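All remarks here apply to the structure that follows.
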Amino acid sequence: MDREIEKNYDPKNLEFKWYKHWKENNCFKANKKNEKVFSIIMPPPNVTGKLHMGHALDIMCQDVIVRHKRMSGFNTLWIPGTDHAGIATQAKVEKKIFKEEKKTKHDLGREEFLKRIWDWKEEYGSEIINQLQQLGASCDWDYLTFTMDKTPNRAVRKVFTQLYNEGLIYKDKRIINWDTVLQSAISDAEVEYKEIKGKFYHIHYKVEGSDEVLEVATTRPETLYGDTAVAVNPKDPRFKKLIGKYAIIPICERVVPIIGDSYVDMELGTGCLKVTPGHDFNDFDIGKRHDLEVINILNPNGSLNSHAKAVEGLNANEARKKTVEILKEKELLVDVKEHKHQVAHGERSDSIIEPMVSTQWFLNVKDMAKKSYQSVKKGKMDFVPKQWENTFFSWMGEPRDWCLSRQLWWGHRIPVYQCNSCEYEFAFEAEPSECPKCQAHQLSQDPDVLDTWFSSGLWPLSTLGWPNKEEMEEKGFDTYFPNSMLVTGFDIIFFWVARMSMMSLKLMEKPPFKDVYIHGLVRDKQGRKMSKSLGNGIDPIDLINQYGCDAMRFTLANGCGHNRGFNLDPRLIESSRNFMNKIWNAFRFISPFLRRKVGNYSISTKGIDVPTKWILTELNFTARKMNKHLDDYRFDEAASTVYSFVYDKFCSWYLELSKPILYSDDKALVKERANILRFLFEELLKLLHPISPFITEEIWSYFYEEESIISQKYPVFKDQYQFEDDHEKMDHFIELVTQIRNLRASVGLKPKEKIEVQFFTDDKRTADFIYENRHYLDQLAQVKKGNIHKKEAGRPGKSTMSTTSLVETFIPLEGLIDIDIEIIRLEKQIDKTKKELEKVEKKISNSNFMDRAPEEVVIEVKMKAKDFSAKLEALEKNLISLK
RNA sequence: GGGCCCUUAGCUCAGUUGGUUAGAGCGCUACCUUGACAUGGUAGAGGUCAGAGAUUCGAAUUCUCUAGGGCCCACCA
């Protein structure tokens, strides 16, 4: 060691230092020589956004897997990217410009406004990259792709054109979800329903040419200006006879037909439905069936237009109030009932969504969805945990056509053109110079842009250069597509996973990934979703600043089990930070004994002692478990496995047992032990590295200055480190030490006070082992003298005792022992042992158990019975002698 | 209405093919400034595994029902 390690563990400096180092030294590059391939794409965060805990979890999962695969000899590629996030970004910049300059996008014009967004993207787009790097993401930055880069744009245009020419993309005037704030269409997936307390208004509609009235129930009286029919169920005896007659809509006095349609539920409301095809999905369908007129009564901002003269210019709420007032005056409002109902809100804008009829571009997804469905059913793409495939199926089962167009400016503009002279309409992959039909040069492009998820859907392809042949070659498309896996949250299974799956199957005839790992949601410590409105969000960057990224990642991994999100209490991170500190100090302890040594080396297992054989065996178990858990995406199990090895096995026992050796005068022995400690330390660093990359690299650098831990081989189970017998011996020894410590504590002996102990055992191996390791007993339990007797020997008088199956341990305590307390303690133990014994004996006396249980279980139970009764006997004898 | 998940120690959670003395971290209690670490050490207390029933020699684990909680989809004039 020529460098000395800092006294205090300070994650901040070393984390920053190492990320920079890794990046500059191309440590995240795929090793193309490796035969096994692992590839994965990062779900692209919004380019101008800020990372939240969900991202931190997402990145942690991916990075752990990626680092593990890389260390396990895979040709590993992780592709980073950022998303233009159409609506979110445009809305943000629009707001900013209005705030600062009091100008709308229309004041600036399309070209200037887009320039402003690009400027904003250039200015703030790198922030998200910085944050990803602070999380330690070991992705290949040369692959960094933005969804509006040239290649993704080409992919979008190519695919749109193909689907257009196949007739799958079509323009249609139909009812869509209209966001009244964004003033754009949005897709079904972007609509969120919230329960709102509303009212049921019962209104009388007069039947033309008679005194009869129809009582219509509605939650939205203000839409009556758009009514073009009143519908009843054709089987309804109450209203059957009215079908074919006409009703008069109140206020606007329009005469509309009374129609029969089986959609109408006779039980619901009054059994009489006002039909507003312009502003209700079901009514639109009814209108289609009956060829009804569609009247649009709303302006793009959601206010009422001139079709609703009486309330023109008012917003929906005001219009409702006023309409109700007018109805009251006319005595047509007959009843008002409280009613809870679901109201559509925009997922992004949180504004009210109005169903509105409008001309939009749609993608017919029926066949694509069917194929996606099948590919998961047939196991070509697996969800982990498996139950998430249900979510996928529920979306793919009966998909509505995807509304692709958005009335925005920021995004991929729809590549459809119309010839100004002959009006021919066509989609074109490249920028067209003339009309393919009449060769005129004056062309108008469709003003709308595509849903963000259209380009996201092509992400697994476009990030690998598709459809540009040269770029695909350069980026290794054939090697890395399809991806090995995807890591994401369940909230975007519809938005994203579904779309990627459909697109990839359509274009490549392969699903885009083998595995789709779905992690849970990070919530606050009370289990509430983190949200702006609750103000309970935790900023991962704050946590990193406070505790270090390694500790945060470790905490996230530790809490990331299957089937569950998790509730993040910052105090948990504190304990991970303490774990990092533990490792730091363990290294600080051993480092003075180490000699700097270049190159790989191995340790000899010849002549090593039992604790060393034990720790090597533990290392073996740990390596095996880590590989399994990481392969199974069990981040929680992996974290606790490595924690237990480092903390409970290595630090608490092996390091403690190494102290007398390291402080001894036998130089050869010191050297040998130091060598083994170094080996173990290197192994544990490698084991932990995928989860906590920075501290492991920092310590690694004290061993090897030139080589990064990133490219080391991940530990695996090795037969030469497996010593099962010695492992068992050592476990017995640990049990013995713990027992003595327990006895000492129970009689209130001072920690430093040396004691004498009497052991009673008939097991020769145990006796030998205690004898050979008596110096450890001194060190670990302050036993200055230990006598080993056969069980037939007499027990000491006033003493405290305890027993395992093999050995009885007595601490003679002349004058020190409080007999009453000792009796209580023994009685408690006897009680417990009796209960266990009874349990086991009951099994043995049950002939059904003896006949039917497998042999090894029977043997085990018999062994237990023997152990328990021996233990009980010893305890009872001692109790009698005390009394 | 359809579907998924959850209920285990005071708190957050493990417990993967049924057989464990049901585990961990945090918190709590007692003792300890022992030469890696007080961001520490040692020991300990704390659970009739939501409830009922069924299957089984044997259930925290499988099945059914009940209660409570969370989420998704569809729909409600």
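This structure is a prediction, so every number in the text was calculated from the model and none was measured. Residue numbers start from 1 in every chain, and the chains themselves are labelled A, B, ... in the order their sequence lines are given, proteins ahead of strands. In what follows, every heavy atom counts, from backbone to side chain, and hydrogens, waters and symmetry copies are set aside.
- Taking 4.0 angstrom as the limit, A:Lys659 places a side-chain polar atom (N or O) nearer than this to OP1 or OP2 of B:A36.
- When the P atom is used for both B:G70 and B:G10, the distance is 22 Å, rounded to whole Å.
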Go through the steps for A:Arg825 and A:Glu822 under the test salt bridge (Lys or Arg N to Asp or Glu O under 4.0 Å), then give the verdict.
-> CA-CA 5 Å; A:Arg825 197 182 65 83; A:Glu822 191 59 19; 2.8 Å; yes

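- OP1 and OP2 of B:A36 both lie 4.0 Å or more from every side-chain N or O belonging to A:Lys582.
- Nucleic acid contact class of A:Ser640 (heavy atoms, under 4.0 Å, all strands): none.
- Look at OH on A:Tyr193: it is 18 Å from C1' on B:C71, rounded to the nearest Å.
- Residue A:Lys194 contributes atom NZ, which lies 13 Å from atom P of B:C71 at whole-angstrom precision.
- Between A:Tyr663 and B:A36 there is a side-chain polar atom (N or O) within less than 4.0 angstrom of OP1 or OP2.
- To the nearest whole angstrom, the two P atoms, one in B:U16 and one in B:C63, are 13 Å apart.
- One P atom belongs to B:U62, the other to B:G18, and the distance between them is 9 Å to the nearest Å.
- The phosphate of B:C32 has neither OP1 nor OP2 within less than 4.0 Å of any side-chain N or O from A:Lys752.
- When the P atom is used for both B:C26 and B:G53, the distance is 39 Å, rounded to whole Å.
- Between B:C76 and A:Tyr263, a contact under 4.0 Å exists linking OP1 or OP2 to a side-chain N or O.
- Using a 4.0 Å heavy-atom cutoff across all strands shown, A:Glu637 reaches at least one base atom of the nucleic acid.
- Cation-pi check for A:Lys582 over A:Phe650 is not met; the charged atom does not lie both under 6.0 angstrom from the ring centroid and within 45 degrees of its normal.
- Remark: the backbone N or O of A:Lys625 is not paired with any side-chain donor or acceptor of A:Glu637 at under 3.5 angstrom.
- The separation of B:A60 from B:U20, taken at their P atoms, amounts to 9 Å, rounded to a whole angstrom.
- The A:Asn578 side chain lies nearest to B:G40 when the options are B:C76, B:G40, B:C5.
- Contact annotation: A:Asn558 side-chain N/O to B:G25 OP1/OP2 distance is not under 4.0 Å.
- Comparing B:C31 with B:G69, their P atoms are spaced 44 Å from each other, to the whole Å.
- OP1 or OP2 of B:A43 sits under 4.0 Å from a side-chain N or O of A:Arg741.
- Put simply, the side chain of A:Glu656 and the base of B:A36 share a donor and an acceptor less than 3.5 Å apart.
- The residue from A:His629, A:Lys628, A:Arg634 that alone fulfils the side-chain hydrogen bond (donor to acceptor under 3.5 Å, both in side chains) condition with A:Asp632 is A:Lys628.
- Residue-level contact check: A:Thr738 touches the backbone only, with heavy atoms under 4.0 Å from sugar-phosphate atoms and none from bases.
- Formation of a donor-acceptor pair under 3.5 Å by the A:Thr622 side chain with backbone atoms of A:Val642 is not found in this model.
- Under 4.0 angstrom from either OP1 or OP2 of B:G40 there lies no side-chain N or O belonging to A:Asn581.
- Following rounding to the nearest Å, A:Phe587 (CZ) and B:U39 (P) show an atom-to-atom distance of 22 Å.
- Among B:C4, B:A36, B:C32, the nucleotide with an atom closest to any side-chain atom of A:Asn585 is B:A36.
- For A:Tyr647 and B:G41, the shortest distance from a side-chain N or O to OP1 or OP2 is below 4.0 Å.
- Checked against the 6.0 Å centroid threshold, A:Phe681 and A:Tyr702 do not count as a close aromatic pair.
- If you take atom C1' in B:A45 and the same atom in B:U39, they sit 25 Å apart, rounded to whole Å.
- When rounded to the nearest whole Å, the span between NZ of A:Lys625 and P of B:U16 equals 14 Å.
- With the nearest nucleotide of RNA chain B identified for both A:Val737 and A:Cys272, A:Val737 has the one nearer the 5' end.
- Atom CD1 of A:Ile695 is separated from atom P of B:U39 by 16 Å (rounded to the nearest Å).
- Following rounding to the nearest Å, A:Asp636 (CG) and B:U16 (P) show an atom-to-atom distance of 12 Å.
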Given Watson-Crick or G-U pairs with both distances under 3.5 Å, what dot-bracket string fits RNA chain B, with | for other-strand pairs and [ ] for crossing?
-> (((((((..((((.....[...)))).(((((.......))))).....(((((..]....))))))))))))....

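- Proximity of a side-chain donor or acceptor of A:Trp584 to a complementary backbone N or O of A:Glu6 within less than 3.5 Å is detected.
- A:Asp632 comes within contact range of no nucleotide atom at all, as no heavy-atom separation falls under 4.0 Å.
- Atoms CG (A:Asp569) and P (B:C13) sit 11 Å apart, rounded to a whole Å.
- Under a 3.5 Å cut-off, the side chain of A:Ser845 and the backbone N or O of A:Lys842 do form a donor-acceptor pair.
- For the C1' atom pair drawn from B:U8 and B:G46, the interatomic distance equals 13 Å after rounding to whole Å.
- Listed pair A:Arg634 / B:G15 meets the phosphate criterion, a side-chain N or O lying under 4.0 Å from OP1 or OP2.
- The distance between atom CZ of A:Arg825 and atom P of B:A43, rounded to the nearest whole Å, is 15 Å.
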Start with the C-alpha distance between A:Asp778 and A:Lys754, add both sets of side-chain angles, then the distance that settles salt bridge (Lys or Arg N to Asp or Glu O under 4.0 Å), and finish with yes or no.
-> CA-CA 8 Å; A:Asp778 182 17; A:Lys754 301 273 182 187; 2.8 Å; yes

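- A:Lys843 comes within 4.0 angstrom of sugar-phosphate atoms only, judged by non-hydrogen atoms across all strands, and of no base.
- Geometrically, A:Arg400 engages A:Phe281 in a cation-pi contact defined by less than 6.0 Å to the ring centre and at most 45° from the axis.
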